[in-house]
Novice: 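Take this structure first; my questions come after.
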Amino acid sequence: MSPRKRYWLMKSEPGDFSIDDLQRVVTEPWTGVRNYQARNFMRQMQVGDGVLFYHSNTEVPGIYGIAEVASPPYPDPTQFKKGSKYHDPKATQDQPRWDLVDVRFVRKLARAIPLEEIRTHAEALGEEFALIRKGSRLSVLPVTAAQWKRLLALE
DNA sequence: GCCAACGTTGGC
DNA sequence: GCCAACGTTGGC
């Protein structure tokens with residue numbers, strides 16, 4: 001028995017990989033996460049979970065699209081690749097350190113929801129929401145069903 | 001490009 | 001186990 005569908009927010013710098021890139025390739029392994037908290041969230045993911053696709057480090061940071069989890073978690077192959085900027089010398093095939101999931105394109109939002117606007121709804125979303133919590137830089141974070149609904153109502 | 005906040009590393 | 005130094009993230 002699998003738990004009910006969950007929701008997540010995943011950040012990407014559009015210069016590296018944008019929602020348009022995801023639309024083009026449809027499915028993409030979410031490589032390069034090297035933060036334990038973010039990794040642990042990906043380990044909890046199930047196929048079909050909803051994903052808010054967030055653009056960071058860009059002119060208007062915010063939510064630009066919707067994706068879904070397309071695979072169970074598995075070891076990030078880039079951790080084994082010497083010369084890759086994601087290579088981790090402490091990871092071995094027997095003892096991988098980093099997991100990822102494949103992410104599949106669902107749709108672009110009719111209108112991006114800027115971080116600035118999301119902040120104005122902090123009270124409704126909950127102060128503990130990691131996206132707007134002071135100092136939080138998590139690139140993969142959980143979203144409750146209520147937050148998912150509230151955020152997409154802003155579209 | 002700046003820099004605050006945070007995580008990781010490594011000397012001791 | 002402490003903590004300074006360093007690296008990274010990501011908003012602005």
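Letters go in sequence order (proteins before strands), and every chain restarts at 1.
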Novice: Name all residues meeting the side chain to side chain contact (heavy atoms under 4.5 Å, CB included) criterion together with Lys90(A); count only those two or more places apart in sequence or in a different chain, and write none if there are none.
Specialist: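 For Lys90(A), the residues satisfying side chain to side chain contact (heavy atoms under 4.5 Å, CB included) (neighbours in sequence not counted) are Asp88(A), Arg97(A).
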Novice: Using ring pair (Phe, Tyr, Trp, His ring centres under 6.0 Å) as the criterion, list what pairs up with Tyr54(A), not counting sequence neighbours.
Specialist: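 Ring pair (Phe, Tyr, Trp, His ring centres under 6.0 Å) check on Tyr54(A) returns nothing, list empty.
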Novice: Applying side chain to side chain contact (heavy atoms under 4.5 Å, CB included), can you list everything that pairs with Ala38(A), at least two apart in sequence or on another chain?
Specialist: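 If we apply the side chain to side chain contact (heavy atoms under 4.5 Å, CB included) test to Ala38(A), skipping adjacent residues, the hits are Val33(A), Asn35(A), Leu138(A), Ser139(A), Val140(A).
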Novice: Determine, for nucleotides 1-6 of chain C in 5'-to-3' order, which nucleotides have protein heavy atoms under 4.0 Å from the base (write B), from only the sugar-phosphate (write S), or from neither (write -).
Specialist: ------
Novice: Separation of Asp88(A) atom CG from dG7(C) atom P, in whole Å?
Specialist: 17 Å
Novice: N/O contacts under 3.5 Å, protein versus nucleotides 8-12 of chain C?
Specialist:
| from | atom 1 | to | atom 2 | distance (Å) |
| --- | --- | --- | --- | --- |
| dT8(C) | O2 | Arg137(A) | NH1 | 2.8 |
| dT9(C) | O3' | Arg137(A) | O | 3.4 |
| dT9(C) | O2 | Arg137(A) | NH1 | 3.4 |
| dG10(C) | OP1 | Lys11(A) | NZ | 3.4 |
| dG10(C) | OP1 | Arg137(A) | O | 2.5 |
| dG10(C) | N7 | Asn57(A) | ND2 | 3.1 |
| dG11(C) | OP1 | Tyr54(A) | OH | 2.7 |
| dG11(C) | OP2 | Asn57(A) | N | 3.1 |

Novice: For Tyr74(A), enumerate each residue passing the ring pair (Phe, Tyr, Trp, His ring centres under 6.0 Å) test, keeping only those at least two apart in sequence or located in another chain.
Specialist: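 Partners of Tyr74(A) by the ring pair (Phe, Tyr, Trp, His ring centres under 6.0 Å) criterion come out as none, since no residue qualifies.
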Novice: Could you check which residues of residues 15-22 of chain A get a heavy atom under 4.0 Å from DNA chain C? Sort them by number, please.
Specialist: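 Within residues 15-22 of chain A, no residue comes under 4.0 Å of DNA chain C.
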Novice: Among residues at least two apart in sequence or on other chains, which ones pass ring pair (Phe, Tyr, Trp, His ring centres under 6.0 Å) with Tyr7(A)?
Specialist: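 Tyr7(A) satisfies ring pair (Phe, Tyr, Trp, His ring centres under 6.0 Å) with Trp148(A) only.
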Novice: Any salt bridge between Arg111(A) and Glu117(A), counting N to O under 4.0 Å?
Specialist: yes
Novice: Can you list every pair that meets ring-ring contact (aromatic ring centres under 6.0 Å, His included) and has a residue in residues 99-128 of chain A, with sequence neighbours left out?
Specialist: none
Novice: So, using salt bridge (charged side-chain N to carboxylate O under 4.0 Å, His left out) as the criterion, who are the partners of Lys149(A) when residues are at least two apart?
Specialist: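 Applying salt bridge (charged side-chain N to carboxylate O under 4.0 Å, His left out) to Lys149(A) gives none.
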Novice: Got a sec, which residues hit side chain to side chain contact (heavy atoms under 4.5 Å, CB included) with Val47(A), two or more places apart in sequence or on another chain?
Specialist: Pro72(A)
Novice: With ILVMFWY side chains joined below 4.5 Å, transitively, what does Tyr36(A)'s cluster contain besides itself?
Specialist: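 Trp98(A), listed by chain and number.
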Novice: Using heavy atoms to find the nearest nucleotide of DNA chain B for Lys90(A) and Lys134(A) separately, return the residue whose nucleotide is more 5′.
Specialist: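 Residue closer to the 5' terminus by nearest nucleotide: Lys134(A).
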